[in-house]
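Written below as structure tokens is the structure these notes are about.
Numbered from 1 within each chain, the chains take letters A, B, ... in sequence-line order.
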Amino acid sequence: MSKNGLLIHYDYCTGCQSCAVACQQEHDFPAGKCGIEVTEYVYEAIRKPVAIDFLPFPTELCDLCINRYQQGEKPACVKHCQAACMSFGSLTELVQQMEITPRSVLFSPR
Amino acid sequence: MDYDKGIEVFPTTIWSAGAGCHGACGQKLYVKDGKLIKVEGDENASWNQGRSCPRVLALTQYVYHPDRLTTPLKRIGNRGEGKFEPISWDEAYNICETKLKKIRDEFGAESVVFAQGTGRDVGGPISFLCYNYGSPNWVQLGLSGQSCYTPRLGGMKATMGDFSVMDAGQFSAERFDDPEYEVPKVILVWGQNPPPTCSDGFFGHWVVDCMKRGSKIISIDPRNTWMSTRAEHHLQIRPGTDGALALGMLNIIINEKLYDKNFVDKWTYGFEKLKERVQEYPVDKVSKITWIPEKLIIAAARLYANSSPAAIHWGVPIDMCPEGTTVAQAITQLWSITGNIDIPGGNVIARPSHGVTTYPYSTEELVELYGQELVDKLNRLRIGCDTYPMVKGFRGWAQPDMAIDQIDSGKPYPIKAAWIQTANVLGGQAARAKFHYEALKKLDFVVVVDLFHNPTSMALADIVLPAATFAEKDSFRSWWVPLGVMHKVIEVGECKSDWEINIEMANRLNPNCKYKNVKELINDRLSVAGMTFDELVAQGSQAMPPKGHSSRPYRRHEKGLLRHDGKPGFTTETGRVELYSKAFESWGVDPLPFYREPAQSPVNSPELYAKYPLIMITGARSHMFFHSEHRMIPWLREKNPEPYVEVHPETAKTFGVYDGEWIHLENDMGKVKRKVRISLRVHPQMIHTLHGWWKPEMKGSEPDLFGVWDYQINQIVPGPQDSNSGFGGGQYKTTLCKLSKIRE
Ligand code: SF4
Ligand code: SF4
Ligand code: SF4
């Protein structure tokens with residue numbers, strides 16, 4: 001069985017930060033600690049004058065919600081993502097999914 | 001999460017302080033030993049399908065925050081000194097009862113205003129208390145021109161006789177899978193960046209859901225946003241000129257014959273008159289007014305009109321345009337003449353679910369509940385009803401700008417007290433915030449009902465009553481769908497719900513008060529749905545209107561489901577969509593849409609513009625905060641720790657400011673502190689900043705008032721409203737200012 005990871009279809013990430021607060025609530029992290037950090041990018045692009053993107057980055061603290069996994073539940077971030085742009089699963093499957101979701105990134109946390 | 005270890009899970013509906021929003025998502029509350037330990041989205045709620053926003057996910061930090069007000073308080077020092085002592089509910093009620101009755105005896109009940117802020121479930125309880133006391137003055141105090149949804153509601157009502165929302169399948173529990181549903185081919189997102197919140201009963205991310213299913217976006221927004229950068233066309237409009245743009249689009253669609261001829265012939269009234277009016281708005285003229293290139297306006301109008309179904313989703317900037325109701329009228333005409341009314345994927349008529357309303361609308365119901373005398377007062381003594389026929393004729397509010405002027409002047413009759421409920425008027429909505437502060441300090445008696453101390457409670461309150469979050473209360477909602485209930489699963493200190501407080505108080509002020517407790521009232525209002533509060537709780541807290549009910553789409557005008565007489569048509573005088581509005585005519589408002597330039601603008605006030613060359617946009621929604629709430633919640637505040645202002649790189653150069661620098665935004669009304677964020681999000685001639693800032697970590701007593709006079713942006717927003725109907729034209733998005741260096 002392949003290792004699990006997170007696929008983020010960042011084209012649809014709205015920067016809402018639900019993933020971050022869901023993670024903090026789930027792990028009882030205080031402010032300042034979080035398993036995922038969302039960064040905003042505002043830049044001049046080729047096809048349009050301005051592009052705006054967000055990218056959530058799983059930090060050292062991400063344990064892929066191992067406790068939830070054992071209960072058969074999705075990671076807290078994936079479940080609550082308002083844009084439904086995060087997927088959890090085996091890396092092999094996620095790579096396949098990635099082929100049909102341009103502008104996405106795959107994370108293989110610890 | 002292990003359910004065996006004494007954890008109980010309660011599905012509930014959101015519509016209240018806590019998350020703060022206007023949405024109706026379903027959330028599951030995890031409770032252990034009487035304590036809320038976690039919140040998760042409810043997968044069974046068709047509204048959000050398991051999703052949650054950051055504010056609801058941070059609920060445990062809100063509910064158990066050490067600063068929560070947990071007992072009633074009585075002021076013991078001078079006003080503003082910040083000295084309060086805890087008292088019992090009984091003592092608090094006794095004081096309020098004695099004071100309010102004395103004022104009523106001496107000056108009449110109308111001399112007390114009952115003030116609310118943003119909508120949520122407070123409208124029911126506060127109007128209930130206001131009317132049981134006998135005052136006609138229920139008011140969104142500080143909200144200039146009542147520029148938040150009410151003007152749009154007025155524009156829709158005056159055109160269609162009903163209200164309408166973009167169809168994202170929300171009226172069916174099956175949502176996108178409902179075979180009757182169709183995704184809009186095009187969504188015209190007008191004046192909103194939907195993701196940050198669920199405004200006006202609409203889950204912001206539904207637009208994103210539709211985009212994934214193929215909807216193209218046309219974005220009308222002065223800023224670059226997540227949405228605008230993903231749009232087919234982005235119309236970067238000059239703030240406040242939306243009326244001209246709507247008229248220009250109508251001009252193109254009518255002159256190029258892109259409208260739905262069948263619909264126009266069969267279901268509308270006054271098309272020829274509208275056609276004549278829009279000739280005054282050719283695209284070159286509109287382009288000059290709005291700063292949008294001609295070819296973009298044409299492309300957007302064509303794409304919208306040639307796509308079917310197409311939907312319009314809009315935001316509060318429409319209300320804040322000069323003559324907001326008129327701008328809303330023109331936009332309503334766009335979805336009308338293109339035949340997008342009440343079709344799948346269009347703009348569906350929105351009625352409160354199952355016909356349930358949280359407070360009475362009709363005169364008959366008002367008479368039955370509160371007596372003829374109150375209804376007479378509403379028509380005679382309500383602030384603004386003499387001046388503005390539309391204020392008199394459309395809904396029951398007092399006019400906010402006139403209310404504060406009257407509190408200040410005592411004319412035409414004195415205002416002696418205010419009951420301010422879950423509304424941080426001074427730290428939040430009040431344009432001319434300092435004037436509000438000075439005027440409100442003149443009152444003899446002020447009650448503040450809230451969850452946290454804030455600038456308003458500190459500066460003004462004589463009595464403070466602690467209110468509850470949605471997890472701590474029984475309440476209900478029905479705009480638009482689902483029909484939902486909140487139910488009490490935890491208790492915090494002695495906090496009570498707005499409904500509980502106001503029913504208990506109302507019974508002291510009116511011996512004939514119809515309801516003795518909250519459940520009695522809720523069940524009575526739910527009765528038209530044939531359901532009780534307990535039944536709704538038992539079925540997971542939400543219900544959708546059944547097929548064939550008048551609160552469920554589609555094509556109800558064809559089926560005779562809209563009108564009382566059961567005939568096909570709309571609920572207007574002519575039974576048609578009135579492009580020439582008879583309702584506006586009867587209110588002395590131009591029956592056809594027109595454009596008016598904002599009071600402060602490069603065109604209208606060139607001298608002011610020379611001094612203050614930046615158009616300041618405020619009032620956008622935030623993922624982290626709801627208006628002036630949530631600044632004390634650690635998980636949220638850390639993600640937006642300081643009030644910033646977005647400044648274009650060129651503008652930053654002109655004014656010599658650097659990224660991260662603390663500066664002042666300044667105009668003739670004063671100056672407000674902001675931290676510079678240099679960003680391509682904004683137009684070089686505009687700046688953008690969030691409203692509602694105060695700092696709970698600062699000192700609460702005077703003169704600090706939690707830093708409100710450092711950060712409250714609305715102290716440099718002028719008033720009164722820029723509109724002749726009384727509705728619309730709060731100048732929150734069109735005020736001129738400049739950047740200035742802080743020298744200390
Ligand atoms: S998978 Fe779990 S631990 Fe990792 S970022 Fe998401 S919520 Fe946090
Ligand atoms: S929850 Fe989803 S949409 Fe929101 S910031 Fe995280 S990844 Fe992006
Ligand atoms: S903003 Fe939306 S997701 Fe958040 S609590 Fe309100 S309805 Fe629910």
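Of all non-hydrogen atoms in Val50(A) and Asn224(B), the two that sit nearest each other are CG2-ND2, 3.6 Å. Summarising the geometry of Ser18(A) relative to Ser52(B), their closest heavy-atom pair is OG-O, 2.6 Å, with the distance given to 0.1 Å. In plain terms, the two heavy atoms of Cys16(A) and Met624(B) that are nearest each other are O-CE, 3.8 Å. Heavy-atom minimum distance, Tyr12(A) versus Val208(B): CD2-CG1, 3.9 Å. Across Lys79(A) and Gly41(B), no two heavy atoms sit closer than the pair NZ-O, 2.7 Å.
For a residue to count as touching a neighbouring chain, one of its non-hydrogen atoms must lie under 4.5 Å from one of that chain's; by this rule Pro49(A) does not touch chain B. Interface remark: Cys34(A) contributes no atoms to any contact with chain B (heavy atom separation under 4.5 Å). Heavy atoms closer than 4.5 Å to chain B are found in the backbone of Phe29(A), but not in its side chain. Looking at Ala83(A), the atoms closer than 4.5 Å to chain B (heavy atoms on both sides) sit in the backbone and in the side chain alike. Heavy atoms closer than 4.5 Å to chain A are found in the backbone of Thr225(B), but not in its side chain. Proximity to chain A involves both the backbone and the side chain of Glu40(B), based on heavy atoms less than 4.5 angstrom apart. At a 4.5 Å heavy-atom cutoff, Ala76(A) makes no contact with chain B through either its backbone or its side chain. With a 4.5 Å cut-off on non-hydrogen atoms, Arg230(B) touches chain A through its backbone and its side chain both.
Distance check: Cys19(A) SG to Leu57(B) CG gives 10.0 Å after rounding to the nearest 0.5 Å. The distance from the NZ atom of Lys38(B) to the CG atom of Asp28(A) is 11.0 Å, given to the nearest 0.5 Å.
Counting only heavy atoms from C-beta outward, the side chains of Glu638(B) and Lys33(A) never approach each other to under 4.5 Å. Within the 4.5 Å cutoff, no side-chain heavy atoms of Pro196(B) are placed close to those of Gln82(A).
At most 12 heavy atoms of other shown residues, nucleotides or ligands fall within 6.0 angstrom of atom NZ in Lys295(B).
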*side-chain contact (heavy atoms from CB on, under 4.5 Å) between Arg681(B) and Glu40(A), worked out*: CA-CA 12 Å; Arg681(B) 278 178 175 264; Glu40(A) 180 193 63; 2.6 Å; yes
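No donor-acceptor contact under 3.5 angstrom links the side chains of Gln24(A) and Gln61(B), judged on distance only.
Contact count against chain B (heavy-atom pairs under 4.5 Å) is highest for Val21(A) among Val21(A), Asp53(A), Val38(A). In terms of heavy-atom pairs under 4.5 Å with chain A, the best-connected choice from His205(B), Met227(B), Lys639(B) is His205(B).
With respect to the salt-bridge test (charged N to carboxylate O, under 4.0 angstrom), the residues Glu43(B) and Lys74(A) do not qualify.
In this structure, the side chain of Gln25(A) engages the main chain of Val39(B) through a donor-acceptor pair within 3.5 Å. In this structure, Trp635(B) contributes its side chain and Ala20(A) its backbone to no donor-acceptor pair below 3.5 Å.
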